[in-house]
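Right, one structure below, let's go through it.
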Amino acid sequence: MAETDEFSVEDQLNYEHEVGEGDPDESTEMDDPELEAIKARVKAMEEESEKLKELQKEVDMQLSMPASGGAQLNMSLEEKMDVDSRSVYIGNVDYGATAEELEQHFHGCGSINRVTILCNKYDGHPKGFAYVEFTDK
């Protein structure tokens, strides 16, 4: 029975080839440039998807790291206490103030190492207070 099924399929293909209906080679040749363009777009999209996955992995790794700076991770307890003893809390800071303005304002008190204005992590707006770290005590 399998031979008769194959035979009828071959007969159908031969008939379609003679009549010119449903020839798979003919339609493939006409759609070939279009098909190649689609394949190229799919390949480009797959490459872009891989790049996005790599970028997402990098971002996930950065987010999983602690929020504090990398320099403070390597500091010993004594070094952290020394930095804290040279830092001053500044409250009631204007929301429009910049780190440069605070540095200029407190420059008369000594050499400044760093000015940190704390901001809301969700919207990025300043919280209204800052820390000034001086070079010397």
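This chain uses plain numbering: 1 for the first residue, then up along the sequence. Both backbone and side-chain heavy atoms feed into the values below; hydrogens, waters and symmetry mates do not.
A distance of 8.0 Å separates NZ of Lys127 from NZ of Lys121, quoted to the nearest 0.5 Å. Rounded to the nearest 0.5 Å, atoms CG (Asn113) and CG (Asp136) are 9.5 Å apart. Atoms OG and CG, from Ser76 and Asp82 in turn, are 9.0 Å apart once rounded to the nearest 0.5 Å. Lys39 NZ to Asp32 CG: the interatomic distance, rounded to the nearest 0.5 Å, is 7.5 Å. Atom CG in Asp84 sits 12.0 Å away from atom CD in Glu79 (nearest 0.5 Å). Here Thr116 contributes atom OG1 and Phe129 contributes atom CZ; the two are 11.0 Å apart, rounded to the nearest 0.5 Å.
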Chi angles and distances behind the side-chain contact (heavy atoms from CB on, under 4.5 Å) call for His125, Cys119: CA-CA 5 Å; His125 293 109; Cys119 297; over 6 Å; no

side-chain contact (heavy atoms from CB on, under 4.5 Å) assessment of Glu133 paired with Val83: CA-CA 7 Å; Glu133 179 187 330; Val83 169; 3.6 Å; yes

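Taking the side chain as every heavy atom from C-beta outward, Glu50 and Lys53 approach each other to under 4.5 Å. Residues Phe106 and Ile112 form a side-chain contact, since some pair of their non-hydrogen atoms from C-beta on lies under 4.5 Å apart.
Tyr89 and Leu118 fall within the same hydrophobic cluster, defined by Ile, Leu, Val, Met, Phe, Trp and Tyr side-chain heavy atoms under 4.5 Å apart, directly or through other members. One hydrophobic cluster, built from ILVMFWY side chains closer than 4.5 Å, cannot hold both Tyr131 and Ile117; they sit in different ones.
Other residues, nucleotides and ligands contribute more than 12 heavy atoms inside 6.0 Å of the CG atom of Asp123.
Listed for the Ser49 side chain is no donor-acceptor partner under 3.5 Å among the backbone atoms of Met45. In this structure, Arg86 contributes its side chain and Phe134 its backbone to a donor-acceptor pair below 3.5 Å. Proximity of a side-chain donor or acceptor of Gln104 to a complementary backbone N or O of Glu101 within less than 3.5 Å is not detected.
For Thr135, the side chain to side chain donor-acceptor pair (under 3.5 Å) criterion is met by Ser111, not counting sequence neighbours.
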